[in-house]
Visitor: 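Have a look at the structure that comes next, please.
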Amino acid sequence: MSQTKAIEYDVADMSLADEGCLRVQWAERFMPVLRQIRERFAEERPLEGLRVAACLHVTTETANLMLTLQAGGADTVLCASNPLSTQDPVAAYLVTKGIGVFAVKGENDDRYYEHIRAALEYRPQITMDDGADLVGSLHMLALQRYDDLAPVLRSWSTKLSEAERVEVVEGVLGSTEETTTGIIRLRAMAADGILRFPVIAVNDSYTKHLFDNRYGTGQSTLDGILRATNMLLAGATVVVSGYGWCGRGVATRARGAGANVIVTEVDALRALEATMDGFRVMPMHEAAPLGDLFITLTGDIRVIREADFLAMKDGAIVANSGHFDVEIDIPALERVSDSGPLQLRPLVEEYVVNGKRVVLLARGRLINLASAEGHPASVMDMSFANQALAAEYLRRMGSTLTADVHRIPAELDQEIARLKLASMSIEIDTLTEEQERYLSSWDQGT
Ligand code: NAI
């Protein structure tokens, strides 16, 4: 680890900072809501002296969030929430702004967890997660389940005194969680009665999942696949697994590009919705021999399995955009392949299965962040406005909230939507007094 201006950091190359600066400023142009929050934060300093550790994808948009928290008076550190999603120039730039960044694109598992350790070592009062890695590690520490920690964290935990362990765990006022998969984990922790502090489910805000998951993932997933492969979508058969907020975004955009889209689902309502949206719906074993491109977005495990790889046609391409790299059963692919992986292009690897070529993108990790730049800034504007307001809310109200998963207050969600519309110069109608009365009454039926 290196030190500059008394901050610790671990990034790939500090000489990339100027490039990072330009890229962060470019993203900022598309983030007017976050900009307004930053301007208010700079005046009011609602986070003065608060230690915030964020475990997020280290992108240009995240950089703008970190600078917003800093403008509000927070002392911040940032580590990656995925080993492949870090933009090294952005990491370097944030270090020059006095933010301790621990993230290197392509870091191995040990370095990834070393970086999580560095974030926890900082004794955060608020943590921000994208996939619950910080909160999960904190709770393993709290419950003294050291064997369930990654090796790096395990050996760190054994060196902590009891007082230090309590300090790390008890010092947290609350946390925020960015993504669906993280919230599933946190709700499971709350149901087991082990969650120790309140968590704000940023993903549950309408101004997050309706836009980021649908339009952000929809566009950036295809962007990642196109940058990795340069394939033509028109006329291709694209199998989309999962018709949740992310899946419907990808399916709709793939259709818009001329693909024949098949959806696979396990939920009857969502399968019905996909059907009535005009997609073919079938089980994966029927879709496997038909697809030219497979994209998983389920948050589930082993969605594409051994039998599916065996059934795929020559040249099939397989990618994942769900949070973890468990949706495509890569060990099964390795088991049934005669040869591979053969690296064809960056993060494009070919296996030969029964004499047919199967191409795996980005080792099954989030394709939009590994092979492209993640979501466009314009959509992250709203997601990260939620994160910034959630931090402020936790500072103000955290001590009154139960140790559970909470939504951001509805007024804040509405306010973000209002600011976004205003930034797009879009005005809407307001209710007249008569309409308000009518809509809140039960006896004015005609
Ligand atoms: P969601 O809960 O709205 O949708 C998931 C869908 O997958 C559900 O309809 C569910 O029934 C379906 N599903 C579950 N198991 C399945 C299986 N075996 N086969 C077929 N379908 C199955 O979740 P959302 O918001 O769409 O998120 C999906 C994943 O994407 C999560 O892991 C989330 O964390 C991640 N995510 C990724 C982003 C990115 O930048 N790539 C951005 C936002 C979320």
Side-chain angles (χ1 to χ4, degrees), residues 56-59 61-62 80-82 84-85 129-133 177-187 201-225 239-253 262-275 277 279 281-288 291 294-305 307-308 319-329 361-362 364-377 379-380 382-384 386-387:
L56 300 170
H57 301 296
V58 180
T59 62
E61 296 78 22
T62 301
S81 58
N82 184 293
L84 284 185
S85 62
D129 263 318
D130 188 329
D133 275 348
E177 173 53 55
E178 173 78 6
T179 199
T180 318
T181 282
I183 287 166
I184 290 170
R185 280 172 148 191
L186 291 160
R187 290 230 158 85
V202 165
N203 187 71
D204 286 0
S205 297
Y206 292 115
T207 47
K208 201 285 185 178
H209 68 264
L210 288 183
F211 303 93
D212 170 317
N213 299 31
R214 185 164 34 167
Y215 304 113
T217 315
Q219 179 170 314
S220 64
T221 297
L222 295 185
D223 184 19
I225 291 166
V239 179
V240 175
S241 289
Y243 201 68
W245 293 109
C246 294
R248 69 191 62 188
V250 171
T252 309
R253 265 134 207 84
I262 295 173
V263 169
T264 75
E265 249 299 341
V266 291
D267 181 281
L269 275 175
R270 286 187 157 172
L272 188 59
E273 209 179 350
T275 305
D277 284 344
F279 297 106
V281 176
M282 62 183 77
M284 179 55 85
H285 73 265
E286 282 179 26
F294 295 79
I295 311 169
T296 53
L297 306 106
T298 68
D300 198 359
I301 192 166
R302 283 200 266 281
V303 178
I304 301 184
R305 298 191 279 268
D308 307 317
N320 168 54
S321 207
H323 188 77
F324 285 116
D325 57 349
V326 294
E327 305 209 12
I328 301 166
D329 190 348
L361 303 187
R365 293 196 189 272
L366 293 162
I367 184 66
N368 59 335
L369 284 140
S371 295
E373 297 170 59
H375 297 0
V379 83
M380 294 313 293
M382 288 187 283
S383 307
F384 286 165
N386 273 284
Q387 286 282 7

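Counting starts at 1 for both ligands and their atoms, following the listed order. Side chains are part of it too, since the values below use all heavy atoms of this structure and drop only hydrogens, waters and symmetry mates. Worth saying up front: this structure is predicted, and the values here are computed from it rather than measured.
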Visitor: Ligand 1 versus His209, non-hydrogen atoms closer than 4.0 Å: side chain, backbone, both, neither?
Guide: neither
Visitor: Counting only heavy atoms closer than 4.0 Å, does ligand 1 sit against the backbone of Asp300, its side chain, both, or neither?
Guide: side chain
Visitor: Would you kindly specify which portion of Thr217 sits under 4.0 Å from ligand 1, judged on non-hydrogen atoms: side chain, backbone, both or neither?
Guide: side chain
Visitor: List the residues meeting side-chain contact (heavy atoms from CB on, under 4.5 Å) with Arg365, not counting sequence neighbours, and say none if there are none.
Guide: Asn82, Pro83, Leu84, Asp109, Asp325
Visitor: Using a 4.0 Å heavy-atom threshold (strictly under), name the region of Asn368 that reaches ligand 1: side chain, backbone, both or neither.
Guide: side chain
Visitor: What's the shortest distance from atom 44 (C) of ligand 1 to any protein heavy atom, and which residue and atom give it?
Guide: Thr179 OG1, 3.2 Å
Visitor: Under a 4.5 Å cut-off applied to non-hydrogen side-chain atoms, are His375 and Asn368 in contact?
Guide: yes
Visitor: Any idea which protein heavy atom is nearest atom 9 (O) of ligand 1, and the distance to it?
Guide: Glu265 OE2, 2.5 Å
Visitor: So which of Arg185, Arg270, Arg214, Met284 gets nearest to atom 1 (P) of ligand 1, if we judge by its closest heavy atom?
Guide: Arg270
Visitor: For residues 296-304, which side-chain donor-acceptor pairs fall under 3.5 Å, sequence neighbours excluded?
Guide:
| from | atom 1 | to | atom 2 | distance (Å) |
| --- | --- | --- | --- | --- |
| Thr296 | OG1 | Asn320 | OD1 | 2.8 |
| Thr298 | OG1 | Asp300 | N | 2.8 |
| Thr298 | OG1 | Glu327 | OE1 | 2.8 |

Visitor: Compute whether any side-chain donor of one residue and acceptor of the other, for Asn386 and Thr207, lie under 3.5 angstrom apart.
Guide: yes
Visitor: Between Thr181 and His323, is there a side-chain donor-acceptor contact under 3.5 Å, judged purely by atom types and distance?
Guide: no
Visitor: Heavy atom under 4.0 Å from ligand 1: found in Leu366's side chain, backbone, both, or neither?
Guide: side chain
Visitor: Which option, Thr298, Val326, Ile184, owns the non-hydrogen atom nearest atom 7 (O) of ligand 1?
Guide: Thr298
